[in-house]
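When a residue number appears, it is its place in the shown sequence, counting from 1.
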Amino acid sequence: MEYTIQKLGRLAEISTRALRYYDEIDMLKPARLNSSGYRIYGQAEVDRLQQILFYKELGIGLEEIKAIVTSPSFDGEKALLQHRQKLLEKRVQLDQLIANVDKTLAQKEGRIIMENKEKFEGFKQQLLNENEKSFGKEIREKYGNKQVDLSNQIIKNMTKEQHTEIEKLGAEVISVLEEAFATGDPAGQLAQKAANLHRQWLSFYWGSYTKEAHAGVAQMYVDDERFTAYYDKNQPGAAVFLRDAILIYTNMDTSLNP
């Protein structure tokens, strides 16, 4: 079956303007133009549009979607399996949030007693999903699935008070780092205080602490531009400064070794 741009738009509940834009950026070209110059889409284009909309639903930007679906190595069946897994994860999160609302209503009606920690289930899962989407691949490659899964479980079991404490500690790391950066000395007292606070902050998420892992995280802040951008947001060069302070703190600065 073939579709004009209007029919395809109605089928997918998407505007013809969007379809024209997808054509312009070479993400979804029509199969052909008919004798009147109208865009005509076939089954392959319908399938690609479905993939595009799946990726959009998962919050992926158009530029990245285009790179994915136009890649010569793109595997439609494999992508569908990945979409299914992501949607199942999203459904679990939505089910948790719905259950959270239902329990909160039941508590307000006096039908049940709800512990405070239960009120934040679902939100934690959303945080984990966002972290997995943004950094999961790199973190799992560097530290392994076991360590990442353990850290995720720790987050799930956190109380509201613990979460608040972690946020305060994270803010203190940034505050002290800003002061230390002004000194220009990663071995100085303020810089080493920032490194120590950073260790405490990390230790909330890790089942156990090692200097090697701490130094590895610090190096990742410099190697991965997303982390670098976070620390350099107010002070360009802060990520490198923090890395150097942590390497000194952990005695992993090879430049100091004979």
Side-chain angles (χ1 to χ4, degrees), residues 59-61 63-64 67 120 123-156 158 160-257:
I60 299 175
E63 186 174 340
E64 186 176 353
F120 300 93
F123 298 107
K124 294 178 187 176
Q125 188 61 51
Q126 182 178 12
L127 172 64
L128 292 175
N129 291 345
E130 290 173 354
N131 287 343
E132 187 72 31
K133 177 183 173 182
S134 299
F135 310 112
K137 181 180 178 182
E138 296 86 342
I139 296 296
R140 289 182 180 277
E141 287 177 353
K142 191 172 185 67
Y143 297 105
N145 290 330
K146 183 177 180 181
Q147 179 61 51
V148 175
D149 291 342
L150 174 61
S151 178
N152 288 345
Q153 192 59 46
I154 290 172
I155 293 174
K156 286 183 179 180
M158 279 182 186
K160 180 178 182 292
E161 291 72 22
Q162 287 174 320
H163 187 264
T164 300
E165 185 177 353
I166 292 170
E167 288 190 327
K168 287 174 61 179
L169 187 55
E172 189 176 1
V173 171
I174 298 300
S175 176
V176 175
L177 176 62
E178 289 180 353
E179 292 182 58
F181 185 76
T183 70
D185 182 9
Q189 183 178 357
L190 278 173
Q192 291 305 292
K193 180 181 179 181
N196 182 55
L197 288 168
H198 188 267
R199 175 192 62 78
Q200 295 176 47
W201 178 75
L202 279 179
S203 295
F204 270 102
Y205 298 101
W206 292 357
S208 59
Y209 170 85
T210 68
K211 291 182 177 180
E212 293 77 12
H214 193 183
V217 168
Q219 185 60 50
M220 184 173 63
Y221 290 166
V222 175
D223 294 339
D224 191 309
E225 62 184 14
R226 293 167 298 178
F227 288 106
T228 303
Y230 173 77
Y231 284 103
D232 284 8
K233 180 171 57 177
N234 296 323
Q235 295 174 307
V240 170
F241 183 86
L242 177 60
R243 186 272 314 271
D244 292 346
I246 290 173
L247 292 181
I248 293 170
Y249 177 82
T250 58
N251 295 316
M252 300 295 288
D253 186 355
T254 55
S255 67
L256 300 179
N257 296 331

Nearest heavy-atom neighbours spanning P186 and G184: CD-O, 3.5 Å
Minimum-distance pair of heavy atoms, taken over all atoms of A191 and A245: O-CB, 3.8 Å
Sequence neighbours left out, what pairs pass side chain to side chain donor-acceptor pair (under 3.5 Å) with at least one residue falling in residues 186-196? N196-R199, N196-Y249
Solution key, residues 166-182 side-chain donor-acceptor pairs under 3.5 Å, sequence neighbours excluded:
none

Got a sec, which residues hit side chain to side chain contact (heavy atoms under 4.5 Å, CB included) with K211, two or more places apart in sequence or on another chain? Y209, T250, N251
From D223 atom CG to R243 atom CZ, the distance as rounded to the nearest 0.5 Å: 8.0 Å
Just say parallel, tilted or perpendicular for the rings of H198 and Y221, cut-offs at 30° and 60°. perpendicular
Which atom of A239 lies closest to which atom of D232, heavy atoms considered: N-OD1, 2.8 Å
